[in-house]
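Taking it in order: structure first as C-alpha cells, then the write-up.
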Amino acid sequence: MLSLFEDWLKSALQEIQEYVRLQVATVRGAVTRPFYFHDVVEQFEQIGIGSLTVVLLTGFFTGAVLALQTGITLDQFGARPFVGRLISASMIKELGPVLTGLMLAGRVGSGIAAELGSMVVTDQINALRALGTDPVRKLVVPRVLAGFFMAPVLTVVANTVGIIGGWLIAVFQLRVASSLYWSSVIEGLYLQDAWMGLVKPFFLGFAIVTIGCHVGLRTRGGTQGVGRATTNAVVASSVAVIAVDFFVTRLLITLLY
Amino acid sequence: MAFASKRSPALEEALGPGSPIVVFDKVSLAFDDKVILREVSFTLITGRTKLILGASGAGKSTILKLILGLLKPDAGVIWVNGERVDLMSELEMMKVRADLGMVFQEGALFDSLTVAENVGYKLYEETSMAAHLVRARVEEVLGFIGLAEYIDRMPSELSGGQRRRVAIARAMAAKPRILLYDEPTTGLDPITATTVDEEIIKLRDLENVSSIVVTHQLRDAFYVATHEAVRRDDGLMRIQPADTEKSEEAEFIMLKDGGIAFEGHAAELRASRDPYLQTFLS
C-alpha cells in the first residue's frame with residue numbers, strides 16, 4: 001500500500017516537474033531566437049478565429065438564459081429593470097472568462113493534445129529534433145502565445161454577444177425597455193470589473209494551452225495513448241480553468257477592490 | 001559538403017577518409033531494471049557502412065537515438081563527427097545534428113506538409129537559404145531517389161515504399177556526412193526494399209555519406225554490404241556486386257542481450273559457427 005502511494009507521489013511530482021520545465025522552456029523560447037513567426041500567425045488564426053463560432057454561440061446563449069432565469073427571480077423583488085446590471089456583472093466578471101476558458105479547453109486543449117500526441121507516437125517529434133528543430137520553439141511557443149493573447153479577445157467577444165443575448169430576452173420576453181437595459185448594463189459595471197474580466201483570460205489561456213502541450217508531448221502507447229492524452233488534456237485543463245479562476249479572482253479582489 | 005556546418009581544417013583532416021566518424025566506447029543504458037545496452041563499443045569509419053542486426057528489442061534503434069542525442073547513455077563515451085555527444089545539452093546537440101540525417105521507422109514524415117516541404121524542411125526552417133534554392137535542392141534530391149513527380153503530393157497519398165524513400169530524401173537534403181537508417185525496409189515488399197537498399201548504396205558510394213543501418217532484414221543487410229554504386233563513363237549510375245575489398249568495408253554488428261555478439265564483415269558472418277548467429281541467419 002505504502003509503495004503504491006510512493007509510486008503515485010513520485011509520478012505526480014515528476015509530472016509537475018516536467019510541466020514546470022515546459023513552462024520555463026516556453027518562456028525562454030518566446031524571448032530568444034529562433035522564433036517561428038509563420039507558425040505563430042498560423043496558431044493565432046487556428047486558436048483565435050477557429051474558436052470564434054463556439055465562443056459566439058456559448059456567449060450568446062449564456063447571456064440569454066441568464067436573462068430568462070434572473071428575470072423570474074428579480075420579478076419577486078420587483079427589480080426586473082435591473083436585469084441588465086446582473087447580466088453585465090455576471091458575464092464580464094465571471095461567466096465570460098470561465099465559459100470561454102471551458103470552451104477553449106474542449107476545443108483547443110484537446111486538439112493540441114491529440115495533434116502533439118500523434119506526432120509523438122509516429123516519431124514526428126523525434127524527427128523534428130533530428131532535423132535540428134526544438135519542438136518547444138516550433139510547436140509549443142506558437143500555441144502558447146496564441147492561447148495567451150487570443151483568450152482575452154475571445155472573452156471580450158463572448159461578453160459582448162452574451163450581453164446582446166440578454167438584451168434580446170430582456171426586450172422581447174421580459175418587456176424591459178431597451179434604453180433601461182443598456183443604462184442598467186453600464187451602471188452595473190465598474191472599472192475593477194472590467195479589469196478582472198480582462199486579466200483572468202490571460203491566465204486561463206496560458207493554462208489551457210500549456211496543459212494541452214504538456215499532456216500531448218508526454219503521450220505514450222500508440223493510438224490508444226493519443227485517445228487517453230486527449231481525454232486527460234480536456235479534464236485537466238477544464239479543472240485548471242475553474243481552479244485558476246478561483247485563485248486569480250482571489251488575487252485580483254485583493255489588488256483591485 | 002554540408003549546407004549547415006563547417007568544420008575547422010584540422011578537424012576536417014582528422015575526420016578524413018579512413019578515420020573514425022562515430023565512436024561508441026563502453027556505452028551502457030538501462031530503463032529502470034531493463035538493461036538495453038551493456039558496454040557496447042564500435043567504430044564507424046568515414047564513408048563506410050555499419051549494419052546493426054539483432055532481434056526486436058535488442059537495442060538497435062537505441063544506438064541511433066544515442067548518436068542523435070535523443071537519449072543519453074548511463075555510462076560510456078560517444079563521439080560523433082569529432083564531438084563528444086554523451087554530455088551535450090539539447091542546445092549543443094542541435095549543431096551536431098546539422099551534420100546528421102536520420103531515416104525513422106515508417107518514415108516519420110510530417111503529415112501536414114507536402115513532400116517538397118518535408119524534404120526541404122531543414123533547409124527552409126533551419127538555414128537562411130533562399131526559397132528558390134531550397135526548391136531546386138528538393139527537386140534534385142527527389143530526382144536522385146526517383147520521386148520527382150511526387151513533389152507536391154501529401155505523404156498520405158504515397159505508398160509505404162515511397163514514404164520511406166521520401167524520408168531518405170529528407171534526411172539527405174541538407175547533405176549530412178552521416179546518415180542513420182532505422183529499419184528502412186521493414187514492412188516493404190522485396191522489390192521496393194531493393195530500391196531503398198540501392199538508395200543507401202548510392203548515397204554511400206556516390207555522395208561519400210557514412211551510414212549506420214539498423215535492420216533485422218538480413219537479405220537487405222547483405223545486399224547493402226555486397227553491392228556498390230558506380231558511375232559509368234556515360235554519366236549513368238549502376239548498382240553492381242562489390243569486389244571482396246569493397247564488401248569488407250561494410251561491417252556487421254549483431255546485438256544480443258544488450259551486448260555485441262558478433263562484429264565483422266559479410267563473409268565472416270556467413271562463416272560463423274556461433275549457434276545464435278546460425279539461428280538468426282537460417
Side-chain angles (χ1 to χ4, degrees), chain A residues 3 6-7 10-11 14 18 21-22 24-26 28-29 31-43 45-46 50 111-112 114-143 216-217 219-223 226, chain B residues 2-5 31-32 61-62 64-65 67-71 89-113 117-128 131 155-156 163 166-167 170-174 176 178-183:
Chain A
S3 84
E6 275 176 13
D7 287 348
K10 208 170 116 185
S11 77
Q14 200 179 5
E18 290 302 317
R21 276 173 70 170
L22 179 71
V24 172
T26 305
R28 195 188 300 134
V31 293
T32 55
R33 284 180 174 277
F35 188 72
Y36 297 93
F37 185 73
H38 175 79
D39 295 271
V40 174
V41 174
E42 198 178 291
Q43 288 306 318
E45 197 265 331
Q46 277 194 17
I112 290 173
E115 188 183 357
L116 299 193
S118 303
M119 290 183 77
V120 169
V121 300
T122 54
D123 257 342
Q124 290 179 56
I125 298 289
N126 275 338
L128 267 182
R129 290 171 69 193
L131 288 162
T133 298
D134 179 353
V136 173
R137 289 175 189 275
K138 173 83 178 162
L139 302 170
V140 179
V141 169
R143 283 164 177 76
L217 288 174
T219 302
R220 299 285 177 275
T223 45
V226 176
Chain B
F3 286 130
S5 68
F31 294 133
D32 295 326
S61 302
T62 305
L64 301 187
K65 287 183 177 164
I67 294 171
L68 274 169
L70 302 178
L71 291 172
S89 67
E90 181 74 7
L91 193 65
E92 292 168 321
M93 269 315 292
M94 291 299 179
K95 290 176 204 145
V96 178
R97 288 174 192 154
D99 228 354
L100 285 169
M102 168 96 173
V103 179
F104 285 85
Q105 259 183 55
E106 311 292 334
L109 297 178
F110 304 128
D111 42 26
S112 56
L113 304 182
E117 289 164 339
N118 263 287
V119 173
Y121 177 86
K122 193 169 186 169
L123 302 174
Y124 280 123
E125 295 283 357
E126 306 302 335
T127 69
S128 51
S156 56
R163 273 204 289 273
V166 171
R170 181 176 69 180
M172 67 178 276
I178 306 164
L179 268 175
L180 312 172
Y181 303 89
D182 191 0
E183 306 274 10

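Below, chain A is the first sequence line, B the second, and so on; all start at residue 1.
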Report, as yes or no, whether the 6.0 Å neighbourhood of atom CZ on Phe31(B) holds more than 12 heavy atoms from other residues, nucleotides or ligands. yes
Toward chain B, the part of Thr122(A) with a non-hydrogen atom under 4.5 Å: backbone
Search all heavy atoms of Ala127(A) against all heavy atoms of Arg170(B) and return the closest pair with its distance. CB-NH2, 3.6 Å
Leu180(B), part contacting chain A, at a heavy-atom distance under 4.5 Å: neither
Take Arg129(A) and Met93(B), measure what side chain to side chain contact (heavy atoms under 4.5 Å, CB included) needs, and give me the verdict at the end. CA-CA 9 Å; Arg129(A) 290 171 69 193; Met93(B) 269 315 292; over 6 Å; no
Does the side chain of Met94(B) reach to within under 4.5 Å of the side chain of Thr133(A), using non-hydrogen atoms? no
With a 4.5 angstrom heavy-atom cut-off, which part of Phe104(B) approaches chain A: side chain, backbone, both or neither? side chain
Under 4.5 Å heavy-atom distance to chain B, tell me which part of Ile125(A) shows up: side chain, backbone, both or neither. neither
CG of Asn126(A) to CG of Leu64(B): how many Å apart, nearest 0.5 Å? 11.5 Å
Can you tell me how far the NZ atom of Lys138(A) sits from the OH atom of Tyr121(B), to the nearest 0.5 Å? 4.0 Å
Could you look at Leu70(B) and say if it's the side chain, the backbone, both or neither that has a heavy atom under 4.5 Å from chain A? both
Check Asp111(B) against Gln124(A) and note the closest heavy-atom contact, atom names and distance. OD2-NE2, 3.2 Å
Where do Lys122(B) and Ala130(A) come nearest, in terms of heavy atoms and distance? NZ-O, 4.2 Å
Contact origin within Glu125(B) toward chain A - heavy atom pairs under 4.5 Å: both
From Leu109(B) atom CG to Asp123(A) atom CG, the distance as rounded to the nearest 0.5 Å: 11.5 Å
